[in-house]
Amino acid sequence: MIAIGLLIMLVLNIIYAIYNLKKRMDVWNIIAVLCILAFSLVLLFRLGTIPTIFIDEGNGMYDSWSLAKYGVDSNLISNPIYLQSFAGQGQSILYARLAGTFLKILGYSIYAYRLPLVLVAITSVILLFNVLNAFDVKSKAIFLTTMIFCTSPWLIMVSRFGMDCNVAPFMVLIGTLLLLLSTRLRVGGTKLIIGLLGTFILGLTAYSYNVGWMYLLIFIPSVFLLLYLSKNISIKELLLYIPILFIELVPIMIFAIRSNISGLNKTTHIFIWTYPKLLRSRSSESMISFDGNILHSIAKNVLDGIHMFLNNSDGFSWNSIPGIGAYYPIMLPFLMIGILVSLHRRNLVDKLLMLGFVSATPIILVVTPNYNHWIFIHFIVLSFIAVGINEIFINKKVQLAIILSYGILFLNFSSIYFNQHNISVYQYDVDVAKKVKKLGIDKYKKVYFDTTDIHFLVMIRDLVPVSPYRYQMTKNNPNSKKYLEVTSKFENYQMIDSNNLNTDIKGKSMVLLDVKKDTGIFAENKKLRKIGQEQINSETYNIYLTK
């Protein structure tokens with residue numbers, strides 16, 4: 001249902017964009033549309049060129065496929081409000097549900113899993129173009145805003161891999177833009193439908209990233225209050241939107257409370273939802289320590305965040321390229337200009353941007369900085385940069401200089417980003433499934449392995465999937481509710497210690513020994529026959545067959 005809604009929204013936005021282009025036909029609007037078209041083509045046709053899959057992305061893909069095909073997640077939970085994931089640490093549900101339809105129709109592939117995020121990103125920039133036109137913004141400003149968004153390294157990178165949290169800022173952007181669009185429509189059914197849709201999509205943010213709970217707690221009430229006080233939304237509309245939003249958010253609010261209180265943190269069914277027990281808290285991975293001097297921890301966290309942006313990288317190859325960052329280093333002056341202009345001018349959009357930044361303040365204070373953790377700040381920063389550049393876009397020489405600068409910066413970013421082939425920790429090689437198929441692993445009774453790759457079995461499960469029922473039956477601690485993570489076996493895979501010469505090896509089996517661990521003694525002792533070598537993910541394996 002969500003996937004169908006996304007496609008309908010994309011089509012309607014394209015139709016509306018064509019209407020806006022005809023209505024306000026000029027060079028700047030035409031170039032803006034060309035920017036959106038180029039952005040869309042880059043995302044759609046370069047989607048499969050990313051050589052790596054982030055571990056959380058792989059886990060999400062397996063859960064998404066399991067839900068779509070079998071009606072249960074990898075832990076055999078039906079209709080979960082939140083995913084336990086492979087180790088009980090949890091992942092949000094929205095993107096898994098959205099991508100499941102695409103996996104079911106297009107088959108199990110990383111392209112199919114990432115495609116809905118690309119469509120969400122394309123929908124966002126088209127909707128941005130439409131809303132700016134609806135507010136009669138000058139065509140030059142529309143072009144500049146579109147160019148800044150469509151050439152942003154962060155926006156391109158975040159749109160091309162399916163982390164569950166990556167969809168969250170798009171829900172905020174689309175929901176807010178639809179609410180803004182509804183304010184430009186006459187009182188009637190269409191206005192209410194657009195407003196309700198915007199409210200609903202804004203609420204979906206809570207199902208896309210748990211850090212978003214902090215953000216929405218400030219942002220949603222502030223947006224509705226601003227729109228009401230500025231006479232853009234009536235009290236009658238609020239009396240319709242707020243109850244719908246409340247009903248939408250109650251289930252995830254219940255989960256947020258239950259999962260953070262040890263006595264309530266257990267798997268239970270409420271209405272249509274299953275509330276899973278989380279065996280591990282993710283707060284330690286994303287939140288500052290609240291032990292000791294909290295003010296010192298907050299100050300250090302803010303300084304770390306400032307350093308991340310000034311350094312133009314968060315240190316993760318899937319998020320940023322060192323030296324290029326999220327928005328290009330030379331954009332900092334325009335960001336500062338944009339903030340000052342918005343503080344002085346304070347029109348409706350300026351106030352929304354400031355509300356967005358204020359809403360992100362709790363995240364900046366207590367959530368450890370990286371581009372994913374601070375994900376709600378990026379569209380705000382891009383918008384402030386657009387405001388700043390629009391302020392100095394005054395004559396043809398300046399215009400040409402800015403456009404050429406962005407073109408050069410984008411080409412430089414593209415030449416580096418699209419040619420990256422490094423595989424680092426927490427990443428999988430997208431070609432693993434092909435290599436496993438090439439080895440014909442499914443023909444063997446057992447596949448024994450010894451490796452330095454700590455995520456080997458998780459990677460195999462995520463990229464060469466078996467049914468979640470089969471996975472649960474054959475893993476360590478079958479169907480256990482206490483030990484969720486893959487330990488040493490499932491299906492026909494079994495980890496061994498190649499230093500233990502007493503290890504029992506069955507006939508008609510394959511043995512994969514990481515070259516870093518293969519001394520040759522194990523193979524000689526077990527009379528194994530070497531048939532070659534293969535690189536799987538970041539490690540090289542000697543391949544043996546039992547004689």
Side-chain angles (χ1 to χ4, degrees), residues 46-55 57-62 64-66 69 74 86 103 106-115 161-162 418-468 470-471 474-475 486 488-496 498 505-518 520 522-523 526-547:
R46 299 301 300 269
L47 187 58
T49 60
I50 302 177
T52 57
I53 299 169
F54 184 62
I55 185 171
E57 181 182 21
N59 298 163
M61 181 165 66
Y62 182 69
S64 179
W65 173 77
S66 298
K69 189 169 183 178
S74 59
F86 81 97
L103 290 172
L106 301 176
Y108 195 85
S109 72
I110 192 62
Y111 187 93
Y113 184 66
R114 288 169 171 168
L115 181 59
F161 72 103
F418 289 110
N419 290 301
Q420 287 187 123
H421 294 290
N422 59 307
I423 300 170
S424 59
V425 67
Y426 301 121
Q427 290 182 293
Y428 308 152
D429 184 349
V430 293
D431 290 328
V432 165
K434 293 178 183 177
K435 291 177 180 179
V436 167
K437 186 176 181 181
K438 174 185 169 185
L439 292 173
I441 280 175
D442 58 332
K443 297 184 299 184
Y444 297 94
K445 188 172 183 179
K446 280 281 189 180
V447 178
Y448 299 97
F449 66 94
D450 191 7
T451 179
T452 56
D453 185 351
I454 60 174
H455 297 120
F456 181 85
L457 267 187
V458 185
M459 173 183 67
I460 293 295
R461 186 205 70 169
D462 291 345
L463 302 188
V464 193
V466 295
S467 98
R470 182 71 184 163
Y471 161 66
T474 57
K475 71 168 191 172
V486 175
S488 64
K489 69 176 183 178
F490 82 87
E491 192 64 357
N492 63 332
Y493 292 87
Q494 183 169 325
M495 184 182 291
I496 59 171
S498 57
I505 299 290
K506 298 184 183 297
K508 296 182 180 179
S509 297
M510 176 180 282
V511 181
L512 303 175
L513 297 183
D514 191 323
V515 294
K516 295 175 184 175
K517 290 199 162 196
D518 188 5
F522 184 83
K526 298 299 178 183
K527 298 180 180 178
L528 302 176
R529 177 168 57 92
K530 185 176 179 180
I531 63 169
Q533 269 189 355
E534 186 65 73
Q535 183 171 330
I536 302 175
N537 206 36
S538 56
E539 306 300 330
T540 301
Y541 296 84
N542 289 328
I543 305 169
Y544 298 92
L545 298 181
T546 53
K547 293 183 180 178

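The structure displayed is predicted, hence computed values, not measured ones.
The two residues D450 and Y541 have their closest heavy-atom pair at O-CE2, 4.1 Å. Closest heavy-atom contact between E57 and Y113: O-CE2, 3.6 Å. The two atoms that bring Y444 and M510 nearest to each other are CE1-CE, 3.5 Å, heavy atoms only. When every heavy atom of A112 is checked against every heavy atom of L103, the shortest pair comes out as CB-CD2, 4.0 Å. Scanning both residues, V430 and I110, for their nearest heavy atoms gives CG1-CG2, 4.4 Å. Counting all heavy atoms, side chain and backbone alike, K445 lies closest to N492 at O-CB, 3.5 Å.
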Evaluate V466 against R461 for side chain to side chain contact (heavy atoms under 4.5 Å, CB included), listing each step before the verdict.
CA-CA 7 Å; V466 295; R461 186 205 70 169; 5.6 Å; no
Give the intermediate values and the outcome of side-chain hydrogen bond (donor to acceptor under 3.5 Å, both in side chains) for residues Y471 and S74.
CA-CA 8 Å; Y471 161 66; S74 59; over 6 Å; no
Step by step, would you call I441 with Y493 a side chain to side chain contact (heavy atoms under 4.5 Å, CB included)?
CA-CA 9 Å; I441 280 175; Y493 292 87; 3.3 Å; yes
Show, in sequence, the C-alpha distance, side-chain angles and deciding distance for Y544 and K526, and conclude whether the side chain to side chain contact (heavy atoms under 4.5 Å, CB included) test is met.
CA-CA 10 Å; Y544 298 92; K526 298 299 178 183; over 6 Å; no
Check the pair I543, L512 against side chain to side chain contact (heavy atoms under 4.5 Å, CB included), reporting the backbone distance first and the verdict last.
CA-CA 5 Å; I543 305 169; L512 303 175; 3.9 Å; yes
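Within a 6.0 Å sphere centred on NZ of K530, heavy atoms belonging to other residues, nucleotides or ligands number more than 12.
I496 CD1 to S488 OG: the interatomic distance, rounded to the nearest 0.5 Å, is 11.5 Å. The CG atom of L528 lies 7.5 Å from the CG atom of L513; values are rounded to the nearest 0.5 Å. We find the OG-NZ distance between S509 and K443 to be 13.5 Å, quoted to the nearest 0.5 Å. A distance of 9.0 Å separates CZ in F54 from CG in N59, rounded to the nearest 0.5 Å. In this structure, D518 CG and T540 OG1 are separated by 12.0 Å, a value rounded to the nearest 0.5 Å.
D462 pairs with exactly one of Y62, Y428, W65 by the side-chain hydrogen bond (donor to acceptor under 3.5 Å, both in side chains) rule, that one being Y428.
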For residues 432-439, which side-chain donor-acceptor pairs fall under 3.5 Å, sequence neighbours excluded?
| from | atom 1 | to | atom 2 | distance (Å) |
| --- | --- | --- | --- | --- |
| K435 | NZ | Q535 | O | 2.9 |
| K438 | NZ | E534 | OE1 | 3.4 |

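Taking R529 as the reference, I531, L545, K547 meet the side chain to side chain contact (heavy atoms under 4.5 Å, CB included) condition, with sequence neighbours excluded. Among residues two or more places apart in sequence or in another chain, the side chain to side chain contact (heavy atoms under 4.5 Å, CB included) test is passed with Q494 by K446, Y448, K489.
A salt bridge is defined here as a Lys NZ or Arg NE, NH1 or NH2 lying under 4.0 Å from an Asp or Glu carboxylate O, and K475 with E491 fails to meet this definition.
Here the side chain of T546 pairs a donor or acceptor atom with the backbone of K508 at under 3.5 angstrom.
Looking only at side-chain heavy atoms (C-beta outward), K516 and D453 stay at 4.5 Å or farther from each other. Inter-residue side-chain proximity for K69 and Y108 is flagged as unmet; no heavy-atom pair is nearer than 4.5 Å. Side-chain contact between Q427 and I55: absent, with no pair of heavy atoms (C-beta onward) separated by less than 4.5 Å.
Counting only N and O atoms by type, the side chains of D429 and N537 include no donor and acceptor under 3.5 Å apart.
Using a 30° and 60° split on the angle between ring planes, F449 and F456 fall in the tilted class, from 30° to 60°.
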